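What follows is a short report on a single structure.
Every heavy atom of this structure was used, including side-chain atoms; hydrogens, water molecules and symmetry mates were not. Given the structure is predicted, the values throughout are model-derived calculations rather than measurements. Sequence positions, counted from 1, serve as the residue numbers for this chain.
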Amino acid sequence: METPTIPTLPLRRILQGENPREYFDPDDMAELEDGLRAAGGVIQPIIVRPILDSDRYEIVAGERRWRAAKNVFGDDYDMPVVIRALSDAQAESFATIENHHRAAMSHAEEAHAAKRMLMRVKGDKDETAAALGWKPELLERRLALLTCTPAVLKALTHRKIQLGHAELLAGVPPEKQDGVLDAIIERRVPVAVLKAQLGRFARRLADAIFDTAPCAMCTHNSARQSGLFDESLGDGYCQHPTHYDELTMLAVQARADGLRDEFPVVRIVKVGDGFTPLPVAADGDLGVGAPQYRSCLGCHSFGCAVSALPGSYGEVTRSLCFDPACNSQKVALRRKAQREAGQTSASDEKGKGTASGTGKPVMKKAGAKPANQTPQRVISHRVAEWRKWAAQALMAQPQRNQRVLIALTRYGRVGDARAIEYGAAMRRIASGWVSESGWGLASHLSQADQLAPEHLDRLVRAVAASAAFGVGERDLLDLLNYLEVDEARYFKWDKIFLELFTMSELESLAVEVGLKEAMGSRFKVARARRKPEFIAALLEVDGFAYHGTVPVAMRYPRHPVGAALGCDEAGSAEAEPQTLDAEATQPI
């Protein structure tokens, strides 16, 4: 029987094709060349395809044999070939299958080949696996390697690292991989050692305080490598510590932001802060006493700390004081009161200080009155309100108004009169006034000359009233005292005022003015709700005297200013604020 003739082509007519193999191991190639010499030529033909409009052919599979034959026999050697008319996709599929089953390509080369094939078939993984003759699991494993950087894949191809190294590095952030790779190669780090080292930097997803649902599909989730690779950190680890820490800080910040309605001070404690929490409480060795503690709730130095420390991320430490000096003073005052109370009790045991007819000791009250530091936002609000109250009082007290105007002029502060507030008052009082009459004095004189006589008195009073919005805070306090402004006639309990306070400050405020006592058991229920509902409940307490009740934070300090006036003027100071004039002093 006659053996079929295998076609041949001179090596010079055969060109390299698109080979998925990038690396040709020198030792393997030398062994192959020795085999060709011993056999006297190539026994197994290579696969080629014609190059259009040419007498040449392109290698589809068998480049190792082609390279070895050129080195051993030269370009005139007649190479056994199988000629196939193949498309680009078919040619790459043939090449990948051939290389996979012969002297295996590196896993990195196979990964690149798989990616190219996947792109050719528009992302169809089933079709890609079928074209390569692979199982779907093998395709996923090769594609997963592509999260490695080019340097890592090249090192794998050139046998500088093992597959286990690459599988572990696949979960490391790309910007870190090359640095770790250099250390692996330089120090010849075994796979097991690399695994242990990476494990020390990984973060446990079970410890995360952020939503880990999006982590399920993340390339840095160790579970992904665990399901595909032989080497991984196992399930439940984030291998991107920087991103994990960023998400953690965002969650910590969100937790802190959620507490800003609760406490005046919310501090995020980070590594290196050297922060030592200073708890404040009513009782205990460092307690300040129940009355003072209730006042502390409304202090601008009262708050909480949110941990950004490893091992306690997101943990909240409540009821802290951020003014150590003030806290020490309050603790000392409470201890002094306890000592004095103890001394009184001791004297009672000797038969002194008992209530007549009862035999019960009479305890002396000791200790300072509870106090706190008003938050700046409340201070800013009350100063703005004081200005309005002073302006209204100036409109309501003609004689004192004139004296204030004289004093401002003599004091050189007549320039404190505010044009904007005065302009608003003029439009209220004299509706015919044209707001933009010109820049010169003559144009304003012309306008003023047309004012009705009945408006002149109130318009002159409005000059001093507008100055209440321009004087400094010290002078404003002098005005309030001189005018004998009664806060109870002006202050209003409303949502705008209460929204200035945090929940702890609202609780302190409610205790101070008696709202908590008036609410009884309803207070605890309302306090447990969100801030808007709590505020609404505080404004709807049946039987509470809202009108006339003024919190300490809105009262101004009293001091004598000027001489006493006649009864008529003093009486007008107590008159109800004039609604029209009150509006007239407001900015446009």
Practice task
Count the heavy atoms belonging to other residues, nucleotides or ligands that lie under 6.0 Å from NE2 of His243, then report whether that count exceeds 12.
Solution key: no

Handout entry: Heavy atoms from other residues, nucleotides or ligands near CD1 of Ile496 exceed 12 (cutoff 6.0 Å)
Key = no

Practice task
Could you verify whether a donor N or O on one side chain and an acceptor N or O on the other, from Ser319 and Tyr293, lie under 3.5 Å apart?
Solution key: yes

Practice task
Output the distance between atom OH (Tyr422) and atom CD1 (Ile429), rounded to the nearest 0.5 Å.
Solution key: 7.0 Å

Practice task
Please answer whether the main-chain N or O of Ser301 pairs with a side-chain N or O of Asp323 as donor and acceptor at a distance below 3.5 Å.
Solution key: no

Problem - Modelled atom types, side-chain donor and acceptor of Gln239 and Gln225, under 3.5 Å - result: yes

Exercise for the section: Please list all pairs passing the side-chain hydrogen bond (donor to acceptor under 3.5 Å, both in side chains) test where one or both residues lie in residues 529-541, with sequence neighbours left out. Expected result: Arg530-Glu533

Handout entry: Heavy-atom pair of closest approach, residues Pro264 and Glu505
Key = CG-OE2, 2.9 Å

Exercise for the section: State whether a side-chain donor-acceptor pair under 3.5 Å links Gln373 with His300. Expected result: yes

Problem - Arg400 side-chain N/O to Leu483 backbone N/O, donor-acceptor pair under 3.5 Å - result: yes

Problem - Proximity of Phe210 and Tyr244 rings by center, below 6.0 Å - result: yes

Exercise for the section: Answer yes or no: are there more than 12 heavy-atom neighbours, outside Tyr546 itself, under 6.0 Å from its atom OH? Expected result: yes

Problem - Ser226 versus Asp235, side-chain donor and acceptor atoms under 3.5 Å - result: yes

Practice task
Count the heavy atoms of every other residue, nucleotide or ligand shown that sit under 6.0 Å from CD of Gln197, and state whether that count exceeds 12.
Solution key: yes

Handout entry: N/O donor-acceptor pair under 3.5 Å between Arg418 side chain and Ala467 backbone
Key = no

